[in-house]
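Have a look at the structure below before the remarks.
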Amino acid sequence: MRTKFLLAFVIVLALCSCSWSAEIPGFTPDMRDSQVMPPNNFICQTMLVGSKLVSFRSWIDIPYEANSPEPEYNRLNVYVPEEYFNGQSINGFTAKTAPIFMPNGVGGYMPGRQFVPANDNRHGGPNVTLYALSRGYVVVAPAIRGRTLENGKAPALIVDYKAAVRWVRHNKDKLPAGDTEKIISDGLSAGGALSSLLGATGNAKEYEPYLKEVGAYDERDDIFASAVYCPITNLENADMPYEWIFNGVNTYHLGPAREMDENMKKASDALKAAFPAYLNGLKLEGYTLDENGNGTFRDYIEGLYVSAAQKALDAGENVLGLDWLTVEGGKVTAADLGKYAVWATRMKAAPAFDSLNMKSFENNEFGDKHFTEYAFKNSTAEAPAMADAEKIYVMNPMNFIGKEGVDTAKHWRIRHGVKDRDTSLAVPAILALKLRQSGYDADVAAVWNVPHDGNYDLEELFAWLDSICK
Ligand code: DHB
């Protein structure tokens, strides 16, 4: 009782210590005419992270594109830890050195609203925005267009994320804190794909016309690091590795469990057979596949599952009793990808992304069009159409890694759940190998017991971010 009273008292004190704007903070209509950081329109908030009070100032709903086709949508929020207004430091960072964390809320290639700090993490405790503030990071959270908005199809999402980065750079001197050379992206699933795209494509000229069209600032849009969870990326090549893993598992579980029809099974066989040529064509040094899909790349993928299981075992979790995993004397020694697929079960019918009926999320993202030759040629849609090649190109981070004139982020952390069947683990793994081969620091791992999800390991994520930022 006494501690509760004390805590309430401290919260009131903390709230009072923050200098308050005289206007209704954050929501004045004149802000809508301005893309510039409004100095006095902030709200003060204090929240608990565990037993620690975290105070910060929030600037809400700032437009970041001068000619956005969805001006009510293209807004961002800025959150700055209160300490930075008093010359104090947090976690070794100061107002000048604090990294700028930019999470995106895109999922299913749908529009994503600005993240808001709260204790609403479905894994318990603070969400990634509040947690970042507690670790001394400045947060800039943009809303981003997605496929269900009239003007939200590909490549709107990456145009917006880049425009938000450019807004940050343009307002460098007006932001109360934050190091614009330490911008970090974060997202999961389609948002993970978006995080990879932002990280991979810094300053690539291909986006310039789109950025001009929405009225983005003329600034650099490269970033320092990307946090990527279960990215639904490399879309035009993702159907092949899905079948490389799930071929032969014919029941799919998107909605009620159903059997793949003959067209789908034929697609599964063809796409599985096509994967080795694609993989070998990437020329990832030391990673190849023979025509049956066996070889060092397969060993690598199985090894990622082995490492995930070993880490869980070392942490006291039970990994025993699975027919696809060999554990001997406290050591996980092997994973069998064929048996893994049966255990994990298939989520999507073949082709997993470019659906034969042209009705997947990804088809919709490309304007209800196909984006692979296989699905286009074998389409069952009434009026099959192919997406614009240039749009497919600018939606794939793989096209920009190692490309001249592109400033790819130096640091990457890529995570994919062991129970995730939304895309093949090969997709994030290939991304990581390509990054490493091009000289970037890419930390990739599968995570035990985790389904299609992200931001579940905030302590580890921020330990990694601290290590690269300090
Ligand atoms: C997402 C999941 C999918 O399975 C997919 O195909 C696209 C996006 C998502 O959760 O964002």
Side-chain angles (χ1 to χ4, degrees), residues 103-113 115 122-123 128 143-149 152-158 160-161 185-198 226-243 245-246 249 252-258 260 264 267-268 271 341 344-372 374-375 387 391-392 395-397 414-428 431 447 450-456:
N104 80 75
V106 168
Y109 283 97
M110 303 278 278
R113 288 268 176 218
F115 273 17
R122 64 183 136 156
H123 306 281
V128 71
I144 289 195
R145 286 173 294 156
R147 62 188 169 86
T148 51
L149 292 174
K153 304 284 188 204
L157 80 180
I158 180 60
D160 287 353
Y161 217 10
S185 66
D186 173 77
L188 68 106
S189 195
L194 177 55
S195 181
S196 346
L197 256 178
L198 185 69
S226 286
V228 176
Y229 291 94
C230 55
I232 303 290
T233 191
N234 197 357
L235 294 175
E236 68 272 32
N237 300 302
D239 291 330
M240 295 178 282
Y242 201 83
E243 298 316 316
I245 290 194
F246 288 107
V249 178
Y252 66 103
H253 296 265
L254 194 61
R258 278 168 289 175
M260 294 210 294
M264 295 166 178
S268 175
L271 291 162
T345 73
R346 171 193 280 275
M347 181 185 177
K348 296 168 176 177
F353 300 95
D354 193 354
S355 291
L356 296 178
N357 65 9
M358 224 166 61
K359 290 207 163 122
S360 71
F361 289 175
E362 291 74 18
N363 293 128
N364 189 236
E365 169 67 0
F366 282 113
D368 300 312
K369 292 186 174 156
H370 286 298
F371 48 92
T372 66
Y374 183 89
K391 292 207 169 123
I392 301 172
M395 285 290 286
N396 193 338
I414 303 171
R415 291 294 181 270
H416 190 87
V418 166
K419 287 185 173 165
D420 196 327
R421 333 93 93 210
D422 282 59
T423 194
S424 160
L425 174 60
V427 168
L431 175 67
V447 190
V450 167
H452 189 61
D453 203 354
N455 292 329
Y456 40 75

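Worth knowing before you read on, the calculation uses all heavy atoms, side chains too, and leaves out hydrogens, waters and symmetry mates. All values derive from a computational prediction rather than experimental measurement. In listed order, ligands and their atoms are each counted from 1.
- Atoms of ligand 1 found under 4.0 Å from any heavy atom of Gly108 (numbered from 1 in listed order, with element): 1 (C), 8 (C), 9 (C), 10 (O), 11 (O).
- Taking the ring axis of Phe246 as reference, the NZ or CZ atom of Arg421 does not stay both within 45° of it and closer than 6.0 Å to the ring centre.
- The backbone N or O of Lys359 sits less than 3.5 Å from a side-chain atom of Asn363, completing a donor-acceptor pair.
- Geometrically, ligand 1 and Ala190 share a nitrogen or oxygen pair separated by less than 3.5 Å.
- Ring to ring, Phe371 and Phe353 are not that close: their centroids are 6.0 angstrom or more apart.
- Each of the following atoms of ligand 1 lies closer than 4.0 Å to a heavy atom of Lys348: 3 (C), 4 (O), 5 (C), 6 (O).
- Residue contacts with ligand 1 leave out Met110, since none of its heavy atoms falls under 4.0 Å from the ligand.
- Here is the list of ligand 1 atoms found below 4.0 Å of a heavy atom in Glu362: 5 (C), 6 (O), 7 (C).
- Between the side chains of Ser196 and Thr233, not a single donor N or O lies within less than 3.5 Å of an accepting N or O.
- Near Asp422, the atoms of ligand 1 lying under 4.0 angstrom from a non-hydrogen atom of the residue are 2 (C), 3 (C), 4 (O).
- Residues Leu356 and Ala375 come closest through the heavy atom pair CD2-CA, 4.1 Å.
- Around atom 10 (O) of ligand 1, the closest heavy atom drawn from Ser189, Cys230, Ser360, Ala193 belongs to Ser189.
- Interface of His452 with ligand 1, defined as ligand atoms under 4.0 Å from a residue heavy atom, comprises 2 (C), 9 (C), 10 (O).
- Side-chain N/O atoms of Glu236 and Thr372 include no donor and acceptor closer than 3.5 Å.
- Of all the atoms in ligand 1, the ones that sit under 4.0 Å from a non-hydrogen atom of Gly107 are 11 (O).
- Side-chain contact annotation: His123 with Asn455, donor-acceptor N/O pair under 3.5 Å absent.
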